[in-house]
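Because the structure is predicted, anything quoted here is derived from the model rather than measured.
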Amino acid sequence: MRIDSAVPKSSFLSMEKDMNLIVNKMFSNERLKRLLHYTSRDALNRPNITQEQSLDLIKNNIKIVPKMYVDGSVLNYILINFKNFTPSENPEFRDNIIEFDIICHFDQWQLEDFALRPYKIAAEIDSMFNNKRLTGIGTLQFVGATQTVLTDEFAGVCLLYEATHGEEDKKFMPNPKDEERFLQDYKELANK
């Protein structure tokens with residue numbers, strides 16, 4: 001059996017592609033954007049937000065780096081984390097957990113009737129990602145959820161999904177020039 005050392009195999013390469021897919025799906029969900037942007041109890045009955053307001057969500061509300069800055073004007077957050085990379089039963093593949101931390105100020109929890117904002121956001125995320133495909137083989141599988149209390153002002157829900165990644169993750173980076181450069185750098189490293 002010949003192993004091609006010039007072609008990288010790493011499930012870590014899928015993270016940026018998965019993050020791109022996740023954020024794009026979130027941007028296409030008008031209900032989710034209203035729940036994050038509007039702080040009123042009638043957030044779901046408010047008008048869709050503008051393109052500019054949507055772009056502000058990635059700066060303020062949707063966090064792709066696992067660090068949250070509490071801003072007095074931003075009260076609802078989603079933190080996206082990739083963690084627990086482990087070998088799967090097939091040595092060619094790796095499993096990992098994609099974690100969505102939904103954090104809301106306690107004053108923002110109550111929506112109309114008995115609806116709670118973190119759980120409404122959780123329902124939107126679950127409907128977008130459970131049993132759906134990203135870059136890995138198979139589909140994302142919901143593995144659990146738990147309530148999270150950060151401070152005496154912020155708490156929410158943590159959703160966990162299992163993803164399985166393999167060799168296909170090295171292909172088709174969002175920017176083809178990045179893929180070409182990565183493969184070129186990898187080949188040079190392998191030849192040293």
Distance, nearest 0.5 Å, that separates [atom1] of [X] from [atom2] of [Y]:
| X | Y | atom1 | atom2 | value |
| --- | --- | --- | --- | --- |
| I125 | I78 | CD1 | CD1 | 4.0 Å |
| E124 | I102 | CD | CD1 | 10.0 Å |
| L32 | K25 | CG | NZ | 13.0 Å |
| D113 | R41 | CG | CZ | 9.0 Å |
| L150 | L79 | CG | CG | 8.5 Å |
| N29 | S54 | CG | OG | 11.0 Å |

Under the 3.5 angstrom rule, does the side chain of [X] hit a backbone N or O of [Y] as a donor-acceptor pair?
| X | Y | result |
| --- | --- | --- |
| N24 | N20 | yes |
| R34 | N45 | no |
| N61 | H37 | no |
| Y77 | D101 | no |
| Q108 | L111 | no |
| N60 | D56 | yes |
| K33 | F27 | yes |

Are [X] and [Y] connected in the hydrophobic side-chain network, where two residues link if heavy atoms are under 4.5 Å apart?
| X | Y | value |
| --- | --- | --- |
| L160 | I98 | no |
| V143 | Y161 | no |
| V157 | M128 | yes |
| V65 | I97 | no |
| I80 | F142 | yes |

For [X] versus [Y], what's the shortest heavy-atom pair and its separation?
| X | Y | answer |
| --- | --- | --- |
| G156 | P118 | CA-CB, 4.2 Å |
| R117 | Y38 | NH1-O, 2.9 Å |
| A115 | Q110 | O-NE2, 3.6 Å |
| D152 | F106 | O-CD1, 3.4 Å |

Point to revise | Parallel, tilted or perpendicular: rings of Y119 and W109 (30°, 60°) | key: perpendicular

Beyond-backbone contact of [X] with [Y], side-chain heavy atoms, under 4.5 angstrom:
| X | Y | value |
| --- | --- | --- |
| L35 | N76 | no |
| I58 | I64 | yes |
| Q51 | L55 | yes |

Point to revise | Between D95 and T86, a side-chain donor and acceptor under 3.5 Å | key: no

Review point. Side chains of T164 and E162: do they bring a donor and an acceptor to under 3.5 Å?
Key: no

Point to revise | side chain to side chain contact (heavy atoms under 4.5 Å, CB included) assessment of E99 paired with L159 | key: CA-CA 6 Å; E99 176 181 279; L159 300 176; over 6 Å; no

